[in-house]
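The structure under discussion appears below in the form of structure tokens.
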Amino acid sequence: MMEKNGMSDQDRPDTTGNAKDPDAQATRKMQFLFTLRSKGITDQRVLTAMEKIDRGDYVRGLFAERAYEDMPLPIACGQTISQPSIVGLMTQALSVNSRDMVLEIGTGSGYQAAILSQLARRVYTIDRHRKLVADASTLFAQKGLNNITAVTGDGSYGMPEQGPFDRIIVTAAAEDPPGPLLAQLKISGIMVVPVGQSDMVQSLIKVTRLATGFDYLQLRQVRFVPLMEGVAND
Ligand code: SAH
């Protein structure tokens, strides 16, 4: 291989590192999108949003160089940034329209909110860790993502003052879809939420609000950090 194309290991594009080399960046982006497609993300609007939002901006420190791999990674406050293909599948299941008001529970790194900001009119996102909300807000401002509002709070109660919402996405696992969130979903609105006990495999559920009640569709198995009670100390 090395002899065939006349490249030494040093010349070869770095597909995992944080190299600023434009060729390496293009290769990495292509591989990233290829993986997303192969894992079932076919909605072109979602793929375009995920091409535009650089996951490398949302992963800091030791793990930054693994930002383009399809795996969850640690972030501050003992939390995780979700796996890109799961972010893609959840975003796709949410069928976001450009006029939609979206609520996210679990800001974390801000990556999921940034992708939603490309698809929706406005995104509200809540996390129980002040530091995560502060860091994500700084990033949103730097990147000009002006249609995202990040707030510290217990997301299980939603944001009644801004609701009802067209779309709600929960990125931490609940034992059941929280009642206040169901109540803040518009009729015809969609909520995507991982449901199940913490530390076990959970089911990703798509809830659609009908005029007469709720329709539940099980999408796949996932593994998320648990939805915790109350606001954290950091
Ligand atoms: N969507 C994030 C990943 C979230 S990880 C991203 O794109 O990076 C789950 C997040 O849910 C954690 O940051 C955790 O602090 C938060 N969380 C857990 N319980 C919560 C609650 N009750 N209210 C708000 N946020 C909560």
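Ligands are counted one by one from 1 in listed order, and the atoms in each one are counted from 1 as well. These figures come from a predicted structure and were not determined experimentally.
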(message) Please list the nearest protein heavy atom to atom 20 (C) of ligand 1 with its residue and the distance rounded to 0.1 Å.
(response) Arg128 CD, 3.3 Å
(message) Distance under 4.0 Å to a non-hydrogen atom of Asp154: what atoms of ligand 1 satisfy this?
(response) 21 (C), 22 (N), 23 (N)
(request) Return the residue, atom name and 0.1 Å-rounded distance of the protein heavy atom closest to atom 7 (O) of ligand 1. (result) Gln112 N, 3.0 Å
(message) Tell me whether ligand 1 is touched by Gly153 - counting only heavy atoms on the residue side and a distance under 4.0 Å.
(response) yes
(message) Applying a strict under-4.5 Å side-chain criterion to I, L, V, M, F, W and Y, I'd like to know whether Leu33 and Leu119 cluster together.
(response) yes
(request) Say whether Thr91 and Gln112, considering side chains only, have a donor N or O and an acceptor N or O under 3.5 Å apart. (result) yes
(message) Test question: given the 4.5 Å side-chain rule for I, L, V, M, F, W and Y, name all other residues clustered with Ile105, or answer none.
(response) Met101, Leu103, Tyr124, Ile126, Val151, Met159, Phe165, Ile168, Val170, Leu181, Leu182, Leu185, Met191, Val193, Val195, Ile205, Val207, Phe214, Tyr216, Leu227
(request) Run the numbers for me: atoms of ligand 1, each under 4.0 Å from some heavy atom of Ser156, listed by number. (result) 22 (N)
(request) State the atoms of ligand 1, each with its element, that fall below the 4.0 Å cut-off from a heavy-atom position in Ser109. (result) 6 (C), 7 (O), 8 (O)
(message) Could you check whether any side-chain N or O of Gln202 sits under 3.5 Å from a backbone N or O of Phe224, counting only pairs where one atom can act as donor and the other as acceptor?
(response) yes
(request) May I ask whether Thr107 has any heavy atom positioned less than 4.0 angstrom from an atom of ligand 1? (result) yes
(request) Before signing off on this row, confirm whether Leu132 and ligand 1 have an N or O atom pair separated by under 3.5 Å. (result) no
(request) For residues 147-156, pull every pair meeting salt bridge (charged side-chain N to carboxylate O under 4.0 Å, His left out), keeping only residues two or more places apart or in separate chains. (result) none
(request) Give, for atom CZ of Arg128 and atom CG of Asp234, the distance between the pair rounded to the nearest 0.5 Å. (result) 8.5 Å
(message) Taking 4.0 Å as the limit for heavy-atom contacts, which would you say applies to Val225 with ligand 1: side chain only, backbone only, both, or neither?
(response) side chain
(message) Any non-hydrogen side-chain atom of Arg220 less than 4.5 Å from a side-chain atom of Ile86?
(response) yes
(request) Identify the heavy atoms of Gly110 and Phe140 that sit nearest to each other, and give their distance. (result) O-CE2, 3.4 Å
(request) Note the single closest protein heavy atom to atom 11 (O) of ligand 1, along with its residue, its atom name and the distance in Å. (result) Gly106 CA, 3.3 Å
(request) Could you go through the side chain to side chain contact (heavy atoms under 4.5 Å, CB included) check for Val87 and Ile115 one step at a time? (result) CA-CA 9 Å; Val87 170; Ile115 289 163; 3.7 Å; yes
(message) What I'd like to find out is whether the side chain of Asp135 reaches to under 4.5 Å of the side chain of Ile75, using heavy atoms alone.
(response) no
(message) Taking 4.0 Å as the limit for heavy-atom contacts, which would you say applies to Gln79 with ligand 1: side chain only, backbone only, both, or neither?
(response) side chain
(request) Report the part of Pro226 in contact with ligand 1, treating N, CA, C, O as backbone and CB onward as side chain, heavy atoms under 4.0 Å; options are side chain, backbone, both, neither. (result) backbone
(message) Among all the protein's non-hydrogen atoms, which is closest to atom 23 (N) of ligand 1, and how far away is it?
(response) Gly155 N, 2.7 Å
(message) Between ligand 1 and Met228, is the shortest N or O to N or O distance under 3.5 Å?
(response) yes
(request) Please could you name the atoms of ligand 1 that His129 approaches to less than 4.0 Å, counting only its heavy atoms? (result) 15 (O)
(message) Using a 4.0 Å cut-off to any heavy atom of Thr80, which atoms of ligand 1 qualify?
(response) 3 (C), 4 (C), 5 (S)
(message) So if I count the atoms of ligand 1 from 1 in the order they appear, which ones are less than 4.0 Å from some heavy atom of Ile81?
(response) 8 (O)
(message) Ignoring hydrogens and geometry beyond distance, is a side-chain donor-acceptor pair present between Tyr68 and Asp54 at under 3.5 Å?
(response) yes
(request) Evaluate side chain to side chain contact (heavy atoms under 4.5 Å, CB included) for Leu145 paired with Gln118, printing each intermediate quantity in order. (result) CA-CA 8 Å; Leu145 304 178; Gln118 304 299 298; 3.5 Å; yes
(message) Between ligand 1 and Glu229, can you find any atom pair, the residue atom being a heavy atom, that is separated by under 4.0 Å?
(response) no
(request) Identify the protein heavy atom lying closest to atom 15 (O) of ligand 1, giving its residue, its atom name and the separation to 0.1 Å. (result) Asp127 OD1, 2.7 Å
